[in-house]
Amino acid sequence: MHFDDDEKQKLIEEVHAVVTVRDAKHTNFVEFRNFKIVYRRYAGLYFCICVDVNDNNLAYLEAIHNFVEVLNEFFHNVCELDLVFNFYKVYSVVDEMFLAGEIRETSQTKVLKQLLMLSSLE
Amino acid sequence: MPAVKGDGMRGLAVFISDIRNCKSKEAEIKRINKELANIRSKFKGDKTLDGYQKKKYVCKLLFIFLLGHDIDFGHMEAVNLLSSNKYTEKQIGYLFISVLISASSDLMKLVIQCIRNDLVSRNPIHITLALQCVANIGSREMAESLSIDIPSLLVSGDTIDSVKQSAALTLLRLLRTAPELQMGEWTSRIIHLLNDQHMGVVTSAASLIEALVKKNPEEYKGCVSLAVSRLSRIVTSSYTDLQDYTYYFVPAPWLSVKLLRLLQNYPPPEDPSVRTRLTECLETILNKAQEPPKSKKVQHSNAKNAVLFEAINLIIHMDSDPNLLVRACNQLGQFLQHKETNLRYLALESMCLLATSEFSHEAVKKHQDTVITALKTERDVSVRQRAVDLLYAMCDRTNAEEIVGEMLEYLETADYSIREEMVLKVAILAEKYAVDYTWYVDVILNLIRIAGDYVSEEVWYRVIQIVINRDDVQGYAAKTVFEALQAPACHENMVKVGGYILGEFGNLIAGDPRSSPIVQFQLLHSKYHLCSPSTRGLLLSTYIKFINLFPEIKPQIQEILGSKNNMRNPDVELQQRSIEYLQLSSKATADVLATVLEEMPPFPERESSILAKLKKKKPSSVAETAIETTKEHKAMPAAQINSDGQPTLQISSPSSAGSADLLGLDIGGMSAPVDSSSSGGGGQSASDLLVDILGGPVPGGIGGGVGVGTTNGLDSSGLTVGAEENFLKFITKLNGVLYENDLLQIGVKAEYRQNLGRVGLFYGNKTSFQFTQFTTSISCPGQLSTHILYK
């Protein structure tokens with residue numbers, strides 16, 4: 001799907017509004033436009049994935065966790081600041097694990113190996 | 001500030017720190033503008049920047065953009081970075097372009113050229129960066145330019161695993177942008193990726209293959225057996241086998257889910273060994289769910305359950321093994337009361353699908369009480385909504401009253417966001433399962449009372465249609481409506497319904513002094529001024545009907561009709577009605593009046609517009625099997641009887657009496673045969689004719705040259721006697737056996753979505769002989785052809 005720049009910004013705000021009002025008694029899935037958002041909260045950060053209505057909720061919930069565990073390993077006990085200061089590297093992690101809107105690689109070992117190799121490059 | 005490793009850009013880190021330290025929005029904007037000016041001047045400057053500088057500045061621009069500010073320069077510099085040989089520089093260049101796609105086509109051409117160069121560079125890191133860029137942007141231009149490069153990269157023997165992974169998904173992206181791309185020559189190689197020894201490649205390829213399968217299931221059906229065997233190997237592996245791909249003691253959960261989804265694009269496998277293997281797989285998954293968990297962590301149970309739910313989806317999709325279906329239902333039943341909200345939610349959702357399968361419908365009903373409790377106690381509204389959907393799906397004649405009662409009760413306190421949908425559902429259920437129509441009237445009037453604002457026109461039109469068409473309920477309706485109107489705060493929709501019904505049938509209760517004509521009139525009129533013009537218009541019509549029914553109160557009514565308020569009402573419709581009705585009442589004789597205002601005749605049976613409205617609102621949640629669309633009702637009487645009473649049988653007759661030739665019948669009137677999986681709503685008439693011919697005297701195969709000149713046992717609706725039951729089954733259920741005799745079994749599987757329908761007819765040969773020259777065809781009888789388009 002293609003959005004231009006202010007549509008993107010609006011999307012971000014909408015998702016934020018939908019997700020942050022939910023608490024523990026809610027499920028981790030919420031309908032959003034014609035899709036659904038699977039999300040999980042880690043301290044002050046919400047990791048959200050927007051998927052099709054017929055996609056497998058729990059699979060994507062754990063995909064988020066898998067991703068977070070990789071971030072944690074890669075940045076050595078990751079915190080929000082790590083993600084902000086190294087934002088361009090976070091994209092690399094994403095592209096290792098998710099591409100074209102699908103799950104690309106799920107082995108943490110393989111992903112970390114690749115990332116470590118890339119960070120040694122000039 | 002976290003330490004920047006290696007070649008990290010210090011300037012960037014400093015900049016980010018500055019921004020974060022800004023105390024106010026204005027300060028932040030000021031700092032950003034300062035930096036933008038700095039970068040602009042550096043880019044325009046005489047000194048050419050080195051790679052590191054360019055990278056740093058482009059990265060800063062990107063950061064500023066991500067903060068939410070507009071960036072209108074830097075694209076050229078980013079493109080320049082693409083030609084660098086250094087990974088970090090290339091990466092930033094590609095990243096900037098992916099995030100801030102420039103509209104300029106010149107730049108895009110340049111980018112694609114750089115991508116091309118990288119794709120042939122033989123450097124896997126560069127190739128991967130290029131692929132990622134294509135996958136992230138996926139523009140049409142890219143799709144068209146790279147439509148050969150990407151697939152060849154994917155299937156080439158030289159390509160390393162990680163590049164294959166990226167290429168597969170990049171190709172998927174291109175296919176989504178440009179669906180017309182042909183994969184022809186690469187098909188079998190792509191399918192074969194499912195057998196790759198690298199699980200990551202299989203994971204990526206599975207998504208690609210699923211998309212290809214959806215477009216062209218026939219071409220890719222080779223993937224079914226590969227998928228089943230892969231899945232089987234995963235599911236039966238111990239967790240030391242798949243080291244890298246085991247997640248919290250669950251072997252390859254995401255790949256399992258993908259494979260299970262892939263299989264949902266096909267019917268159950270024909271090959272018995274594949275089928276058995278798949279069944280074993282599914283049973284293993286169900287069994288594992290019952291074993292004690294290997295870990296207490298929620299990740300373990302989520303991963304395990306992700307696979308479980310997808311397996312259940314597949315079981316529901318195949319809808320072929322009653323044992324699996326019942327087991328699935330029981331498993332979901334356990335989840336209904338799980339302490340985790342996620343699981344209860346998913347169980348309710350999946351059970352909805354199970355409720356529509358004939359094998360498991362009864363099993364689902366057992367959980368009715370649990371679902372009703374969920375409706376009342378769940379704290380997340382979306383979970384309550386799933387409970388409503390499930391109640392709707394599991395509703396049938398045996399539990400309709402109870403379920404409708406519960407839904408009405410819930411409606412009183414329901415969230416506004418789901419009220420309209422609930423109203424529609426209650427109305428549909430009440431109509432569908434009403435044995436006693438007084439109950440139906442009660443339900444609808446209750447609906448109006450509880451949720452009047454959400455009762456759309458379709459609903460109250462329908463109740464009036466039904467009351468008009470059914471004599472036995474008219475008196476009851478009049479009485480009930482009268483009582484309802486007496487409530488102090490009465491919804492306007494109630495006034496509309498009440499006004500109409502009393503206008504038609506007020507005479508049925510006029511005998512009782514409590515509801516004498518003048519009382520009725522006064523009751524209605526007391527609401528008059530509170531109503532909108534359209535309702536008032538309806539009431540005026542009621543008043544003139546009253547004049548006809550109850551001449552004794554004519555003067556009072558005429559007084560109202562003639563009042564200044566009405567005669568000079570700013571609303572033109574009201575003015576017109578009151579003037580004309582007044583004239584009508586004074587000028588016309590009693591006979592004329594009676595003729596003009598005769599009781600409304602029964603409405604012709606037509607499709608429930610409520611159903612159409614519900615489908616429009618929530619296409620995914622309508623349980624299609626449970627609903628009879630009256631479209632098929634229309635098809636029934638239109639079965640083929642041509643003018644001389646001879647059925648025009650659209651089955652081609654072989655001219656030679658061959659061996660075991662079922663259709664050794666001499667029949668005229670052929671229309672174009674189509675292949676045996678016919679589709680479209682008109683398929684129904686072919687099947688009932690096929691039913692007919694086989695229900696009639698069958699020559700038993702050999703040497704049959706029997707001419708069928710008689711009506712062949714057809715009854716008036718064009719069906720063989722005894723086929724009614726199956727015919728009804730066909731209308732009401734989406735799949736099952738339509739007809740069966742010693743020679744042939746016809747199964748049907750249908751799918752409807754909004755205005756599209758697909759009907760598959762499956763012919764099973766029960767004899768040990770082969771059928772020759774067996775064809776079928778469909779035709780669309782006269783009036784239906786304007787309503788249904790079939791292919």
Side-chain angles (χ1 to χ4, degrees), chain A residues 1-2 4-6 8-9 12-13 22-31 36 53-63 65-66 69 75 79 81-82 84-89 91-92 94-96 98-111 114 117-122, chain B residues 1-2 4-8 13 16 20 59 62-63 65-66 68 70 86-88 91-92 95 100 125 132 135-136 138-139 162 165-166 169-170 172-173 176 199-200 203-204 207 243-245 247 252-255 257-258 261 299 302-303 305-306 309-310 341-342 345-346 379-380 382-383 620:
Chain A
M1 297 188 60
H2 187 63
D4 63 31
D5 296 344
D6 32 64
K8 281 185 191 172
Q9 194 57 31
I12 294 173
E13 287 163 16
R22 295 168 69 88
D23 62 25
K25 69 179 193 243
H26 288 107
T27 59
N28 290 76
F29 327 116
V30 61
E31 280 159 26
K36 62 186 173 192
V53 178
N54 56 8
D55 275 330
N56 188 314
N57 290 350
L58 290 176
Y60 283 103
L61 189 56
E62 287 312 312
H65 191 77
N66 204 24
E69 283 193 352
F75 287 109
C79 65
L81 282 184
D82 290 321
V84 173
F85 279 88
N86 295 292
F87 69 97
Y88 54 99
K89 292 188 186 171
Y91 279 97
S92 304
V94 172
D95 284 341
E96 279 300 315
F98 304 93
L99 197 61
E102 301 289 340
I103 295 176
R104 178 185 172 275
E105 177 59 75
T106 59
S107 157
Q108 291 183 14
T109 318
K110 293 212 162 92
V111 172
Q114 181 73 359
M117 187 273 286
L118 291 175
S119 42
S120 70
L121 297 176
E122 239 200 321
Chain B
M1 192 172 72
V4 280
K5 318 188 215 278
D7 202 26
I16 296 178
R20 290 179 69 89
C59 204
L62 184 54
F63 184 78
F65 174 76
L66 291 173
D70 288 329
K86 296 200 171 137
Y87 165 75
T88 54
Q91 193 245 338
I92 300 290
L95 183 57
L100 280 123
I125 295 169
Q132 284 166 357
N136 286 328
S139 69
S162 71
Q165 271 178 276
S166 305
L169 291 173
T170 307
L172 174 58
R173 181 62 208 267
R176 284 180 176 152
M199 297 284 269
T203 305
S204 302
S207 294
Q243 291 268 358
D244 285 347
Y245 288 88
Y247 176 80
W254 294 282
L255 180 53
V257 165
K258 285 200 192 198
R261 267 173 74 97
Q299 281 75 27
N302 278 348
N305 289 328
F309 275 106
E310 202 64 53
T341 313
N342 284 342
Y345 174 88
L346 292 171
R379 292 158 74 200
D380 182 339
S382 53
V383 182
S620 54

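Numbered from 1 within each chain, the chains take letters A, B, ... in sequence-line order.
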Region of Asp23(A) that comes under 4.5 Å of a non-hydrogen atom in chain B: neither
Give, for atom CD1 of Ile125(B) and atom CD of Gln114(A), the distance between the pair rounded to the nearest 0.5 Å. 7.0 Å
Using heavy-atom distances under 4.5 Å, tell me whether Phe65(B) contacts chain A through its side chain, its backbone, both, or neither. side chain
By side-chain hydrogen bond (donor to acceptor under 3.5 Å, both in side chains), Tyr245(B) pairs with (sequence neighbours left out) Glu105(A), Lys110(A)
Of the backbone (N, CA, C, O) and the side chain (C-beta and beyond), which part of Ser162(B) lies under 4.5 Å from a heavy atom of chain A, both, or neither? both
From CG (Leu99(A)) to CZ (Arg173(B)), nearest 0.5 Å: 10.0 Å
For Tyr87(B), which atoms come within 4.5 Å of any heavy atom of chain A: side chain, backbone, both, or neither? both
Test side-chain contact (heavy atoms from CB on, under 4.5 Å) applied to Thr27(A) - qualifying residues, sequence neighbours left out: Arg22(A), Phe29(A), Thr341(B), Asn342(B), Tyr345(B), Asp380(B), Ser382(B), Val383(B)
Relative to each other, are the rings of Phe87(A) and Phe63(B) parallel, tilted or perpendicular (30° and 60° limits)? tilted
Segment of Asn305(B) engaging chain A (4.5 angstrom heavy-atom cut-off): both
Quick one: of Asn54(A), Leu61(A), Asn56(A), Thr109(A), who has the most non-hydrogen atom pairs under 4.5 Å with chain B? Asn56(A)
Non-hydrogen atoms of chain B under 4.5 Å away: do they reach the side chain of Asn57(A), the backbone, both or neither? side chain
Electrostatic pair Glu102(A):Arg261(B) at N-O distance under 4.0 angstrom: no
Can you say whether Leu255(B) sits under 4.5 Å from chain A via the side chain, the backbone, both, or neither, judging by heavy atoms? neither
So for Val30(A), is it side chain, backbone, both, or neither that comes closer than 4.5 Å to the heavy atoms of chain B? neither
Sort out for me which of Cys79(A), Ser120(A), Ser107(A) touches chain B most, counting heavy-atom pairs under 4.5 Å. Ser107(A)
Any heavy-atom pair between the side chains of Thr106(A) and Met199(B) that's under 4.5 Å? no
